[in-house]
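The residues of the chain are indexed from 1 along the displayed sequence.
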Amino acid sequence: MRIRAIATACLVAVLALAATGCEPDGDGRAPGADDAGRAAFGDVEVTSCKVDDDLQWPSATVRITNHTATTSNYVVQIAFEDGQGRPVTEGVAAATALPPGQDALEHAQGTADPHGPVSCRIADIARYASP
């Protein structure tokens, strides 16, 4: 079961890179990156945050709602923190080709045992117009 979770986490990371492109602009951002990046934070909310019963790794569900006028791709970085607010691990959730006005529920999986309860925080969001 643990190997499947690791494989899933790796696949999500690869898909996230594929969705965002690999060639950065001069400022380090991928081409097509939304210049109003902070506005993308209004498109994402964490709907659940817990430690997976089987893996003992943190897991978050996020709702991504496309409030733009164009079909967009999203890559959401979730920071998992322990009870004292210390970083434990991070996870990534991604949605591709999300039409305007539509939403998607996606999952982010951490890869470390927090040894107790966790909190989830949206660390970063990249929103790109779909080609």
Side-chain angles (χ1 to χ4, degrees):
M1 188 70 169
R2 191 169 219 155
I3 292 174
R4 186 162 75 175
I6 292 170
T8 300
C10 290
L11 178 61
V12 168
V14 168
L15 290 174
L17 287 174
T20 61
C22 296
E23 297 296 323
D25 285 340
D27 64 358
R29 296 175 65 195
D34 186 358
D35 289 332
R38 290 199 162 151
F41 276 82
D43 291 355
V44 179
E45 74 173 303
V46 175
T47 61
S48 78
C49 179
K50 64 181 186 172
V51 176
D52 183 272
D53 292 332
D54 295 326
L55 296 173
Q56 298 302 306
W57 289 351
S59 175
T61 302
V62 296
R63 173 174 283 117
I64 303 169
T65 304
N66 185 353
H67 291 109
T68 71
T70 60
T71 299
S72 298
N73 301 321
Y74 290 82
V75 179
V76 181
Q77 182 179 356
I78 300 294
F80 297 101
E81 299 170 344
D82 67 11
Q84 282 71 46
R86 293 180 299 229
V88 174
T89 185
E90 293 183 346
V92 175
T96 58
L98 190 61
Q102 298 296 308
D103 65 334
L105 285 177
E106 302 296 339
H107 300 279
Q109 179 76 55
T111 58
D113 185 344
H115 304 290
V118 294
S119 61
C120 300
R121 177 177 58 82
I122 299 168
D124 197 17
I125 301 170
R127 179 177 63 195
Y128 303 87
S130 290

Taking Ser72 for its side chain and Thr70 for its backbone only, find out whether a donor-acceptor pair lies under 3.5 Å.
yes
Can you give me the closest heavy-atom contact between Asn73 and Ala129, atom names plus distance?
ND2-O, 4.3 Å
Whether the Ser59 and Asp52 side chains hold a donor-acceptor pair (N or O, under 3.5 Å, no angle test) is what I'd like checked.
no
Is there a side-chain contact between Pro100 and Thr71, using heavy atoms and a 4.5 Å cut-off?
yes
Val46 reachable from Val76 in the ILVMFWY side-chain graph, under 4.5 Å edges:
yes
Do you know which two heavy atoms are closest between Ala97 and Ser130, and how far apart they sit?
CA-OG, 3.4 Å
Of all the heavy-atom pairs spanning Gly116 and Val51, show the shortest one and how long it is.
O-CG2, 3.5 Å
Start with the C-alpha distance between Thr65 and Asp43, add both sets of side-chain angles, then the distance that settles side chain to side chain donor-acceptor pair (under 3.5 Å), and finish with yes or no.
CA-CA 5 Å; Thr65 304; Asp43 291 355; over 6 Å; no
Approximate separation, where rounding is to 0.5 Å, of Phe80 CZ and Thr111 OG1
9.5 Å
Heavy atoms, side chains only, cut-off 4.5 Å: are Glu90 and Val92 in contact?
no
Going by heavy atoms in the side chains, are His107 and Val62 under 4.5 Å from each other?
no
Given Asp103 and Leu105, is the side chain to side chain contact (heavy atoms under 4.5 Å, CB included) satisfied, shown in steps?
CA-CA 7 Å; Asp103 65 334; Leu105 285 177; 5.9 Å; no
Taking every heavy atom of Arg127 against every heavy atom of Ala39, the minimum-distance pair comes out as NH2-CB, 3.8 Å
Distance (rounded to the nearest 0.5 Å) between Gln109 CD and Thr89 OG1:
9.0 Å
Rounded to the nearest 0.5 Å, what's the gap from CD on Gln77 to CD1 on Ile125? Could you check?
10.5 Å
Could you tell me if Ser48 and Thr61 have a donor-acceptor pair between their side chains, going purely by distance under 3.5 Å?
yes
Nearest-0.5 Å distance that lies between atom CG in Asp82 and atom NE2 in His115
10.0 Å
At their closest point, which heavy atom of Ala112 faces which heavy atom of Pro58, and how far apart are they?
O-CD, 3.0 Å
Taking every non-hydrogen atom, the tightest pair across Gly91 and Ala108:
C-CB, 4.0 Å
For the OH atom of Tyr74 and the CG atom of Leu98, what is their distance to the nearest 0.5 Å?
6.0 Å
Quick check: is Ile78 connected to Ile64 through a chain of hydrophobic side chains (ILVMFWY, heavy atoms under 4.5 Å apart)?
yes
Is there a chain of hydrophobic side chains (I, L, V, M, F, W, Y, each step under 4.5 Å between heavy atoms) that links Trp57 to Val88?
no
For a 4.5 angstrom cut-off between non-hydrogen side-chain atoms, does Arg63 reach Val44?
no
Do the side chains of Glu81 and Arg121 get close enough for a salt bridge, i.e. N-O under 4.0 angstrom?
yes
